[in-house]
Amino acid sequence: QVKLVESGGTLVQPGGSLRLSCVASGGSIENIYAMGWYRQAPGKQRERLARAMRGGPTHYDNSAKGRFTISRDNAKNTVTLQMNSLKPEDTAVYYCNADRWANCSAELCSFFDYNTWGQGTQVTVSS
């Protein structure tokens, strides 16, 4: 499987910004249909934040809309999550996810079941 390693999590002040990175190895994210960012706070369910699909489209869940931006950089084999206007309730472990393997010729793709996660990076929003 592709290995995903998140980084960038740290302590940040409310209202601040942070950029998380997810670096993939062992395979290209060009072969991943959906790259996503999720988070999980202690005692809470893991929630999806955003997805960046192969080919460009992005989708945001309600908790991320308007404040977070997901992007894919194929050249760097990296997915980032830019987070702005951070709030204490954003405190969580943030995870990178790869879902569905795409074998493509031009823009015609065949898809295969595939799913893997990074180890997570801690984001703490506190004054």
Side-chain angles (χ1 to χ4, degrees):
Q1 290 191 332
V2 172
K3 182 180 180 180
L4 305 174
V5 179
E6 303 95 332
S7 64
T10 189
L11 173 66
V12 62
Q13 296 281 302
S17 298
L18 200 60
R19 180 175 292 177
L20 306 181
S21 295
C22 171
V23 178
S25 61
S28 173
I29 63 169
E30 291 185 274
N31 294 120
I32 303 298
Y33 181 61
M35 296 295 302
W37 281 98
Y38 295 68
R39 69 184 180 191
Q40 187 169 25
K44 291 182 168 59
Q45 298 289 322
R46 187 172 298 187
E47 65 172 336
R48 190 178 67 198
L49 299 170
R51 291 168 292 159
M53 319 305 289
R54 186 186 186 277
T58 56
H59 305 280
Y60 295 92
D61 294 88
N62 287 337
S63 60
K65 287 180 179 177
R67 298 190 299 127
F68 296 177
T69 303
I70 188 171
S71 61
R72 295 167 68 139
D73 187 334
N74 290 337
K76 293 182 171 63
N77 215 29
T78 298
V79 181
T80 63
L81 183 70
Q82 177 67 45
M83 305 187 293
N84 299 322
S85 302
L86 286 164
K87 306 171 182 178
E89 51 262 45
D90 294 319
T91 296
V93 177
Y94 284 69
Y95 296 92
C96 181
N97 173 257
D99 188 54
R100 302 205 73 184
W101 191 273
N103 287 140
C104 303
S105 177
E107 298 302 319
L108 182 61
C109 302
S110 297
F111 300 99
F112 302 86
D113 289 342
Y114 185 86
N115 193 273
T116 192
W117 297 85
Q119 84 292 338
T121 185
Q122 176 72 49
V123 173
T124 302
V125 184
S126 177
S127 59

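These numbers come from the heavy atoms of this one structure, side chains and all, not from hydrogens, waters or symmetry mates.
- Side-chain contact annotation: Ser7 with Ser21, donor-acceptor N/O pair under 3.5 Å absent.
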Exercise. Dump the intermediate steps for side-chain contact (heavy atoms from CB on, under 4.5 Å) on Glu6 and Val93, then the final yes or no.
Key: CA-CA 10 Å; Glu6 303 95 332; Val93 177; over 6 Å; no
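- Side-chain contact between Asn97 and Arg48 is absent, with no heavy-atom pair separated by less than 4.5 Å.
- The nearest pair of heavy atoms linking Asn31 to Asn103 is ND2-ND2, 4.3 Å.
- When all heavy atoms of Ala98 and Ile32 are compared, the closest pair comes out as CB-CG2, 3.6 Å.
- With contacts defined as side-chain heavy-atom distances shorter than 4.5 Å, the pair Thr10/Leu18 qualifies.
- With Asp73 contributing its side chain and Thr78 its backbone, the two residues share no donor-acceptor pair below 3.5 Å.
- Around atom CZ of Arg46, more than 12 heavy atoms belonging to other residues, nucleotides or ligands sit under 6.0 Å away.
- The aromatic ring centres of Trp37 and Phe68 sit 6.0 Å or more apart.
- Under the 4.5 Å side-chain criterion, counting only non-hydrogen atoms from C-beta, Gln122 is in contact with Thr91.
- A donor-acceptor contact under 3.5 angstrom links the side chains of Arg39 and Tyr94, judged on distance only.
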Exercise. Assess whether side-chain contact (heavy atoms from CB on, under 4.5 Å) is satisfied between Leu49 and Tyr60, documenting all intermediate values.
Key: CA-CA 6 Å; Leu49 299 170; Tyr60 295 92; over 6 Å; no
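- Residues passing the side-chain contact (heavy atoms from CB on, under 4.5 Å) test with Ser126, sequence neighbours excluded: Leu11, Thr124.
- Classification of Arg51 and Asp99 as a salt-bridged pair fails, no side-chain N sitting under 4.0 Å from a carboxylate O.
- The local environment of CG in Asp113 is sparse, with at most 12 non-hydrogen atoms from other residues, nucleotides or ligands closer than 6.0 Å.
- Between Gly27 and Asn77, the shortest heavy-atom contact is O-ND2, 2.9 Å.
- Using a 4.5 Å cut-off on side-chain heavy atoms (C-beta onward), Val12 and Met83 make no contact.
- Side-chain contact between Asn74 and Ile29: present, with at least one pair of heavy atoms (C-beta onward) separated by less than 4.5 Å.
- Of the possible polar contacts, none joining the Tyr114 side chain to the Tyr33 backbone as a donor-acceptor pair under 3.5 Å is found.
- In terms of heavy-atom proximity, Cys96 sits nearest to Leu4 at O-CD1, 3.8 Å.
- Using modelled atom types, one side-chain atom of Arg54 and one backbone atom of Glu30 make a donor-acceptor pair closer than 3.5 Å.
- Ala52 approaches Ile70 most closely through the heavy-atom pair N-CD1, 3.7 Å.
- Contact record, Asp90 with Arg67: OD2-NH1, 2.7 Å, taken as the closest heavy-atom pair.
- Thr80 OG1 to Met35 CE: the interatomic distance, rounded to the nearest 0.5 Å, is 10.5 Å.
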